[in-house]
Amino acid sequence: MADSQSTPSQFEVHDASVLAHAREVIDASPSLRLVQQEVVNAVRRNEIWRGEECLNLLAPEAPTSPVVRRLLSSEIGTRAAEGHIGAVQRWFVGTRYIDEVESLCVELLKKVFHSNYADHRLIASMLGNLTVYTALTQPGDTVMSIPQPTGGHSANREIGPAGIRGLRICDVPLDPVTLDVDLDAFAETARREQPKIVALGASMTLFPFPIREISEIIAPWGGKVFFDGAHQLGLIGGGQFQDPLGEGAAVMTGSAGKTFSGPQSGIIVWNDPELTAPIANTIFPVIAATHQVNRVAALAAAAAEFLAFGTEYMAKIVSNAQHLAGALSEQGIRVLGADRGYTRTHQVILDVHEFGNGMEVARKLEEANIITNKNLIPGDRPEDWDRPSGLRIGTTEVTRYGMGDAEMETIAGLIGDVLSGRRAASAVKADAIALRRAFPDLHFCFEAPDSL
Ligand SMILES: *Cc1c(COP(=O)(O)O)cnc(C)c1O
């Protein structure tokens, strides 16, 4: 199309050559219909490669069930339903069935997490964290959270929602080797800094956090624990990790699309009625307006499946992670947490510095259709974020496709082949595709009815 403009000198945060390629595709297309087809084709290429030919071991991902996928493209997703559930509290009329869907979602989430309250309107878990910091703090207050090089997430640091709320951030002191909270050092720092909130939960987590102990330390000045359960949400709901609300956390957020295996988005749960007004009145009208009712329907469907299958599914994810970790260790790869059974989550963390750095290793594995990610691990400097020593692996997807102990050993062998260089990545790739193809069916979900 001759009239499209390219402005190559414009500053972009995105990779300039990738954007330039997109402009070439648009400019070379004789019609917009074909441009649209390019989008569809790229989606299809991803579906075949990542969806059918890869061993996806990315810790934040999970395959959604057929019903969840169908609901994500449903008509209800074109409807507007600003406000709280119930005709009087909505801005628009016509929401009677939307109220049914949303109330089912809220009540199912409460059941999964044994909480008094739940909210369904967060289109990302990041927005759940923004809700917590907006509802429970004032600018200038202090928050203690886990630093990024040891598994913390921007969601609780200066560069994320806590920072833009104007909060002072102090580090939760961790043991540099085990990554456990150093409770003595914590108590000393906390008594000095008097944080209003201590955010626990991290993107790299192998073992539970001392929530009860920390809640007791910060109680004298009214400090509250906020558990960011983005990754562990499913494990918590399935009773396979700790129970943050039961152990004293005031509020928990989590990503519905990570271990919980629902549509990518966020949830928030709490028990104290005093928190209801500040949290709900932050979600609407501050954080969410058109909150994607198709996504809420998919979340409700995922929650129902979770109540039916979650305990068994989550237990299998953890046992697969433990088995994979042991098998990787037998391959001569250093696995963190070895002295404590490697992991109590869906994650396995490898120290791959002998085989290059985490980025090089992740790229090499990608050539073999094994998808993982580089990760900072204890001993790495923050500035090494692009070439850290670690590799993070998650077992959610392979578990949902029905893989077990034997397949974890096969996967460990394939990873060992690539890291040691004893087989070419291209040869390993054929085995990875064959293994993935041998497990085509999703488990731990209901079949999609024909009428959907
Ligand atoms: C993934 C993650 C988030 C962000 O969740 P989204 O659902 O992707 O918005 C927040 N906190 C932690 C610890 C995470 O790992």
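No hydrogens, no waters, no symmetry mates; every other heavy atom, side chains included, goes into these values. Atoms within each ligand, like the ligands themselves, are counted from 1 in listed order.
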In the protein, what heavy atom is nearest to [atom], and what distance, to one decimal place, separates them?
atom: atom 11 (N) of ligand 1; result: Asp228 OD2, 2.7 Å
atom: atom 15 (O) of ligand 1; result: Ser203 OG, 2.8 Å
atom: atom 5 (O) of ligand 1; result: Ser255 OG, 3.0 Å

Evaluate the ring planes of Tyr133 and Phe226, with Trp represented by its six-membered ring, and classify them as parallel (under 30°), tilted (30 to 60°) or perpendicular (over 60°).
->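 Plane angle over 60°, so perpendicular.
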
Parallel, tilted or perpendicular for Phe284 and His84, by the 30°/60° rule?
-> perpendicular

Is Lys258 in contact with ligand 1, taking contact as a heavy-atom separation below 4.0 Å?
-> yes

Got a donor-acceptor contact below 3.5 angstrom from the Thr131 side chain to the Thr282 backbone?
-> no

Pi-cation contact, Tyr401 with Arg436 (under 6.0 Å, within 45°) |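 Yes, Arg436 lies over the aromatic ring of Tyr401.
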
Side chain or backbone of Ser125 under 4.0 Å from ligand 1, or both, or neither, by non-hydrogen atoms?
->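 Both backbone and side chain of Ser125 come within 4.0 Å of ligand 1.
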
For ligand 1, does Met126 get within less than 4.0 Å through its side chain, its backbone, both, or neither, judged by non-hydrogen atoms?
-> both

Proximal atoms of ligand 1 relative to Ala155 (non-hydrogen, under 4.0 Å) |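 What qualifies from ligand 1 is 10 (C), 11 (N).
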
Which ligand 1 atoms, with their elements, are less than 4.0 angstrom from a heavy-atom of His231?
-> 15 (O)

Listed by chain and number, what are the side-chain hydrogen bond (donor to acceptor under 3.5 Å, both in side chains) partners of Gln292, not counting sequence neighbours?
->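 With sequence neighbours excluded, Gln292 shows a side-chain hydrogen bond (donor to acceptor under 3.5 Å, both in side chains) to no residue whatsoever.
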
Rounded distance [0.5 Å steps], CD in Glu188 versus CD1 in Ile217 | 11.5 Å

